[in-house]
Amino acid sequence: MQTLLFRCPLVNGLHARPASALERQASRFVSSVTLVNQTKSRQGDAKSVLALVGADVAAGDECRLLIEGPDEQAARQALGHFIGHEFAQCDSPLAAAVEEEQPLPVFLSRSASPVWQGKGVSPGAALAKAVFVEQIDLHALALRHDEEPFPLQQQRLIVALQAARMRLRDDISQQADEAAQILDAQSQLLEDETVEECLLDEHDARNTLAALAKALDVLREPFRQSDSEYLRQRELDVFDLGLRIAAELTGNPWLGLSQLDEDALVIGDGVLTPGQLLMLQGPFLRGIVMPTGGETSHTAILARAFATPLLCLASTKPLFAAGAGAYLLGAGHGFVLAAPDDVAQRWYALECKKLAAEPVSEEADMFSPALVFLDEKLHDKHEVIKRLTDNLDVQGRALSATLAEQAIWQREAVFTTALGFSIAIPHCKSAAISRSSISVLRLADPLDWGDGVAVRLVIMLTLSEQEQAQHMRIFSVLARRLMHESFRERLLAAATAQAVVDVFREEVIILS
């Protein structure tokens with residue numbers, strides 16, 4: 001017998017995708033290969049994806065491969081090379097996701113629409129009609145079907161399993177990149193002999209669907225027992241494969257889903273599976289809201305790959321109670337809002353501009369044409385501040401547009417920043433600012449900045465915490481220059497963003 005000791009290098013543990021890669025390597029040899037998780041005293045056949053995942057191997061766990069058979073030395077050499085040079089690359093860290101609730105954007109504090117906050121898993125915004133999806137309960141579905149003898153159950157399950165395998169292979173050929181990798185890992189699970197054996201065992205079930213439901217309970221149990229939240233959420237992959245088989249048994253590929261024929265925000269009372277997301281994916285799927293429990297699932301990974309906004313709430317029952325109609329999803333800000341009023345719709349219009357904007361390569365100083373907007377048509381002070389703080393986020397000068405907006409409004413709450421001469425200088429010093437900047441927005445029409453003061457030119461000063469000594473000095477320099485009519489007139493008459501920057505560079509001297 002040959003042995004191979006290693007520490008699991010996979011940041012997400014040994015789930016389906018890296019398990020599939022290890023299974024392929026082990027299956028090249030006649031010798032038996034057993035993975036022993038020494039940290040948790042669990043083991044599994046390395047030629048079975050399901051058994052490998054069931055070993056509950058998390059990052060850093062001490063593991064051993066036991067290799068025994070006629071080609072054990074060759075297997076030891078090949079598996080040693082794979083573990084040492086390729087295994088760690090079989091998976092990648094999750095894309096950054098918002099794991100904590102964020103503050104609601106200040107702009108929306110004026111909205112009267114009901115709002116729920118949660119974890120934004122895939123960023124983006126959507127305004128669309130709600131489509132409610134109820135989680136499939138295969139045990140309940142089985143009660144609607146007639147009883148069947150065990151031999152017939154086995155026969156039908158074999159046919160449905162083979163059809164599901166073929167359909168899944170066809171789905172893989174139609175996908176690319178991460179979606180194809182996820183489906184390939186699921187295909188390896190569905191091809192696993194352990195899965196087939198469990199499906200065909202006698203489960204004392206009244207019919208084929210009940211037998212499938214009971215088999216899935218058995219297959220999902222190792223995932224549920226894992227110490228890793230990431231691996232526990234991989235239970236969803238097994239359930240997804242069960243839905244594929246159930247679809248073949250019932251002849252209904254949509255099984256609980258509706259085909260989308262208009263822009264829709266899908267709201268589920270349970271965590272959507274990867275296969276369900278792929279069924280819904282298309283031009284009309286604008287976003288998804290589902291309960292927590294799927295933040296690291298393959299559903300979440302696919303949502304990010306497809307740039308589909310996804311929000312997880314502690315419960316979606318209140319949304320089901322709120323009923324049909326339009327909803328506004330701000331997944332990047334961690335909220336969903338029902339029956340959006342005028343304030344919410346104006347927020348969404350500005351958010352769409354932000355999401356469509358592209359960062360501009362620029363110099364590192366405080367002035368840049370990318371920070372200048374000319375002759376904008378905006379309705380109020382809130383829109384001006386959101387437009388400018390959103391742009392800081394787009395240009396990589398703020399860690400969060402929402403936090404930058406919040407910092408500006410904290411200063412505005414103390415005193416108005418309108419200086420007279422139709423000019424306002426909103427300003428802040430905040431940890432949310434990564435690069436100190438001076439932003440300029442010239443309005444097409446003056447608007448009320450508060451206290452009956454009309455403003456047409458807004459100059460926003462945002463400083464990082466490292467610029468503490470600069471804060472009042474820069475503000476004072478700007479205020480003094482704005483007292484000069486010639487300076488104000490040049491800013492109001494500038495034809496281009498670059499011309500505005502040139503005026504600042506000529507007339508506002510700020511020493512570092």
From the options Glu358, Lys353, Lys354, select the one residue that forms a side-chain contact (heavy atoms from CB on, under 4.5 Å) with Val394. Lys354

Salt bridge present between Asp61 and Lys40 (N-O < 4.0 angstrom): yes

Side chains of Gln233 and His298, heavy atoms from C-beta outward: is any pair under 4.5 Å? no

Would you say Arg206's side chain and His145's backbone share a donor-acceptor pair under 3.5 angstrom? yes

With a 4.5 Å cut-off on side-chain heavy atoms, are Leu157 and Leu249 touching? yes

Is it true that Asp217 and His139 share a donor-acceptor pair across their side chains at a distance under 3.5 Å? yes

Test item: side-chain donor near acceptor, Ser48 and Thr194, under 3.5 Å: yes

Could you check whether Asp170 and Gln174, counting side-chain N and O atoms only, form a donor-acceptor pair closer than 3.5 Å? yes

Thinking salt bridges, do Arg346 and Asp342 make one under a 4.0 Å N-O criterion? yes

In this structure, are over 12 heavy atoms from other groups packed under 6.0 Å from Arg24 atom CZ? yes

Over 60° means perpendicular and under 30° means parallel, so tell me whether Phe82 and Phe87 are parallel, tilted or perpendicular. tilted

Could you tell me the separation between the CG atom of Leu311 and the CD atom of Glu295, rounded to the nearest 0.5 Å? 10.0 Å

Give a yes-or-no answer on whether the side chains of Gln181 and Asp177 include a donor-acceptor pair shorter than 3.5 Å. no

For Phe320 and Trp116, run ring pair (Phe, Tyr, Trp, His ring centres under 6.0 Å): C-alpha distance rounded to whole Å, both residues' side-chain angles, the deciding distance at 0.1 Å, then the answer. CA-CA 12 Å; Phe320 275 73; Trp116 298 268; over 10 Å; no

Carefully, step by step, assess Val133 and Ile267 under the rule side chain to side chain contact (heavy atoms under 4.5 Å, CB included). CA-CA 6 Å; Val133 174; Ile267 301 174; over 6 Å; no

Quick one: list whatever passes side chain to side chain contact (heavy atoms under 4.5 Å, CB included) with Pro149, sequence neighbours left out. Pro151, Leu152

Could you check if a side-chain atom of Leu212 sits within less than 4.5 angstrom of a side-chain atom of His203, using non-hydrogen atoms only? no

Cut-off 3.5 Å, side chains only: do Gln153 and Arg156 have a donor facing an acceptor? no

Shortest non-hydrogen contact from Ala432 toward Leu403: CB-CB, 3.6 Å

List the atom pairs, with distances to 0.1 Å, where a side-chain N or O of residues 62-72 and a protein N or O form a donor-acceptor pair under 3.5 Å, not counting sequence neighbours.
unit_1: Glu62; atom_1: OE2; unit_2: Arg7; atom_2: NH1; d: 3.3
unit_1: Glu62; atom_1: OE2; unit_2: Arg7; atom_2: NH2; d: 2.5
unit_1: Arg64; atom_1: NE; unit_2: Gln38; atom_2: OE1; d: 2.7
unit_1: Arg64; atom_1: NH2; unit_2: Gln38; atom_2: OE1; d: 3.0
unit_1: Asp71; atom_1: OD1; unit_2: Ser31; atom_2: N; d: 2.9
unit_1: Asp71; atom_1: OD1; unit_2: Ser31; atom_2: OG; d: 2.4
unit_1: Asp71; atom_1: OD2; unit_2: Val30; atom_2: N; d: 2.9
unit_1: Glu72; atom_1: OE1; unit_2: Gly69; atom_2: N; d: 3.1
unit_1: Glu72; atom_1: OE2; unit_2: Met1; atom_2: N; d: 3.4

Yes or no on side chain to side chain contact (heavy atoms under 4.5 Å, CB included) for Leu378 and Leu350, after CA distance, side-chain angles and deciding distance? CA-CA 10 Å; Leu378 298 173; Leu350 288 171; 4.2 Å; yes

Heavy-atom side-chain proximity of Arg17 to Cys90 below 4.5 angstrom: no

In terms of side-chain geometry, is the basic nitrogen of Asp171 or Arg244 positioned less than 4.0 Å from the acidic oxygen of its partner? yes

Could you please spell out the steps behind the side chain to side chain contact (heavy atoms under 4.5 Å, CB included) verdict for Leu183 and Gln186? CA-CA 5 Å; Leu183 290 181; Gln186 286 196 323; 3.7 Å; yes

N-O pairing of Lys386 and Glu351 below 4.0 Å: yes

Closer than 4.0 angstrom, basic N to acidic O: yes or no for Glu202 and Lys214? no

More than 12 heavy atoms of other groups within 6.0 Å of Gln77 CD: no

Taking side chain as C-beta onward, heavy atoms only, is Leu4 less than 4.5 Å from Arg76? yes

Could you give the distance from CG (Leu285) to CD1 (Ile288), rounded to the nearest 0.5 Å? 5.0 Å

Flag side-chain contact, heavy atom, 4.5 Å: Asn252 against Leu255: yes

Taking every non-hydrogen atom, the tightest pair across Gly330 and Trp347: CA-CH2, 4.4 Å

Residues at least two apart in sequence or cross-chain that pass salt bridge (Lys or Arg N to Asp or Glu O under 4.0 Å) with Glu221, listed by chain then number, are Arg224

Could you check whether any side-chain heavy atom of Leu127 comes within less than 4.5 Å of a side-chain heavy atom of Tyr327, counting everything from C-beta outward? no

Please evaluate residues Arg165 and Glu196 with respect to the criterion side chain to side chain contact (heavy atoms under 4.5 Å, CB included), reporting the C-alpha separation (whole Å), side-chain torsions for both, the decisive distance (0.1 Å), and the verdict. CA-CA 11 Å; Arg165 286 170 171 170; Glu196 184 168 347; 3.1 Å; yes

How about Arg397 and Ser434: does a side-chain donor come under 3.5 Å of a side-chain acceptor? no

